Number of protein chains: 2
Amino acid sequence: MLDDIDKDLLKLLQNDSKQTNKALSHALGLSVTAVYERIRKLEKNGIISKYVALIDKKKVDKAFVAFCHVKLVQHSQDYVMKFEREVRKLDEVLECYHISGDYDYLLKVLVEDMEAFREFMVKKLTNINHIGSTHSMFMISEVKHTTAITL
Amino acid sequence: MLDDIDKDLLKLLQNDSKQTNKALSHALGLSVTAVYERIRKLEKNGIISKYVALIDKKKVDKAFVAFCHVKLVQHSQDYVMKFEREVRKLDEVLECYHISGDYDYLLKVLVEDMEAFREFMVKKLTNINHIGSTHSMFMISEVKHTTAITL
DNA sequence: TATGAAAACCGGGTTAG
DNA sequence: CTAACCCGGTTTTCATA
């Protein structure tokens with residue numbers, strides 16, 4: 001489905017989506033039209049899902065990252081769906097995964113500082129019903145963070 | 001530093017960076033030039049760090065997500081720096097955080113399937129010296145995943 | 001507000017599997 | 001035959017001073 005040129009193209013676009021087709025065509029050794037059509041195809045079949053601006057969390061005072069394990073008291077369809085619906089609404093939660101292991105969910109939470117995290121836990125997260133227990137870990141430093149998938 | 005218009009602008013760009021300045025100006029009730037200059041400023045002072053294409057991991061057969069806790073045998077400057085340097089090189093590791101708690105690091109690993117994860121653990125991760133123990137959890141489903149920080 | 005660049009799109013011609 | 005590419009050209013749109 002994806003040939004080597006597509007993979008190179010995706011690598012370039014995952015690192016900088018503001019490059020012109022001309023620059024891409026040069027980097028890939030293709031014509032501008034060919035690049036244009038490959039991108040269009042990648043967009044159409046949903047391989048490229050969106051184009052976004054990434055912002056530096058330190059610059060906007062949202063550098064406190066917490067990882068929060070959550071266990072539900074019960075795993076009925078109702079409780080699970082309600083929890084997932086509510087958690088999706090929380091702006092502080094950037095990521096939420098249903099995972100294997102001792103806990104049911106792993107959340108990545110982004111806030112200003114520990115005080116804001118406390119507020120988040122008390123007023124928002126544990127306000128969702130049916131949460132049995134939670135366990136939080138805090139980021140000391142970010143060693144690596146990329147959105148680029150290597151193909 | 002950021003006024004409400006900047007925040008609205010960043011929200012729009014974090015969701016779709018391919019919008020034209022004209023569309024943004026319309027959404028914000030500003031002139032095209034004003035939008036243009038605000039964006040330029042946000043780029044220049046590093047609040048917008050980059051523009052990227054996001055790709056659908058399911059469409060490229062990289063839908064197996066593992067979270068991997070890692071503990072080092074020892075925490076000397078040397079060992080820590082070496083581990084962090086090595087882990088940054090691993091394509092499968094999208095994110096790596098030094099965290100508080102029982103383990104030292106939390107890694108988000110993206111591979112094709114469980115077999116590829118096994119390969120990754122045996123041939124790559126545990127090949128880094130000084131790793132004491134690891135504990136892995138696997139994603140069952142992705143409830144939420146966004147790159148957009150709410151301001 | 002003006003201009004130069006680039007994207008978007010099209011038809012047609014070419015090659016390769 | 002089909003797919004991918006290239007070329008040239010038009011129109012529209014945008015970034016930018």
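Lettering of chains follows the sequences in order, A, B, ..., and the numbering in each one begins at 1. None of the values given here were measured: they were computed from a predicted structure.
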**Request:** Rounded to the nearest angstrom, tell me the gap between atom CG in A/L42 and atom P in D/dA4.
**Result:** 11 Å
**Request:** I would like to know whether B/F138 and B/F117 meet ring-ring contact (aromatic ring centres under 6.0 Å, His included); could you show each step before the answer?
**Result:** CA-CA 10 Å; B/F138 304 109; B/F117 180 72; 5.2 Å; yes
**Prompt:** So, is B/Y36 near the phosphate of D/dA15, with a side-chain N or O under 4.0 Å from OP1 or OP2?
**Reply:** no
**Prompt:** Is the number of heavy atoms from other residues, nucleotides or ligands under 6.0 Å of A/Q74 CD greater than 12?
**Reply:** yes
**Message:** In this structure, how many angstroms lie between the C1' atom of D/dA3 and the CD1 atom of A/I5, rounded?
**Reply:** 13 Å
**Request:** Take atom CZ of B/R38 and atom P of D/dA15, then tell me their distance rounded to the nearest Å.
**Result:** 17 Å
**Asked** Rounded to the nearest Å, what distance is computed from the CG atom of residue A/D3 to the C1' atom of nucleotide C/dG17?
**Response** 14 Å
**Request:** Return the value, rounded to whole Å, for the distance between atom CG of A/L30 and atom C1' of D/dA3.
**Result:** 14 Å
**Item:** Length of the line joining A/R40:CZ and C/dC9:P, which is rounded to integer Å
**Value:** 7 Å
**Request:** Kindly point out which of C/dA7, D/dA17, C/dC10 is positioned nearest to the side chain of A/T20?
**Result:** C/dA7
**Prompt:** Roughly how many Å is it from CD in B/E37 to P in D/dC14, rounded to a whole number?
**Reply:** 18 Å
**Item:** Spacing between A/L2 atom CG and D/dA4 atom P, to the nearest angstrom
**Value:** 12 Å
**Request:** May I ask you to say what A/K41 touches in the nucleic acid, namely base, sugar-phosphate or nothing, with a heavy-atom cut-off under 4.0 Å?
**Result:** sugar-phosphate
**Message:** Quick check on A/H145: does its NE2 atom have over 12 non-hydrogen neighbours (other residues, nucleotides or ligands) under 6.0 Å away?
**Reply:** yes
**Message:** Looking only at the side chain of A/N21 (C-beta and beyond, no hydrogens), which of the listed nucleotides D/dC14, C/dA7, D/dC6 gets closest?
**Reply:** C/dA7
**Prompt:** Nearest 0.5 Å, what's the CE-CZ distance between A/M114 and A/R118?
**Reply:** 11.0 Å
**Message:** What's the closest nucleotide to the side chain of B/T33 if the choices are C/dT1, C/dA7, D/dA15?
**Reply:** C/dT1
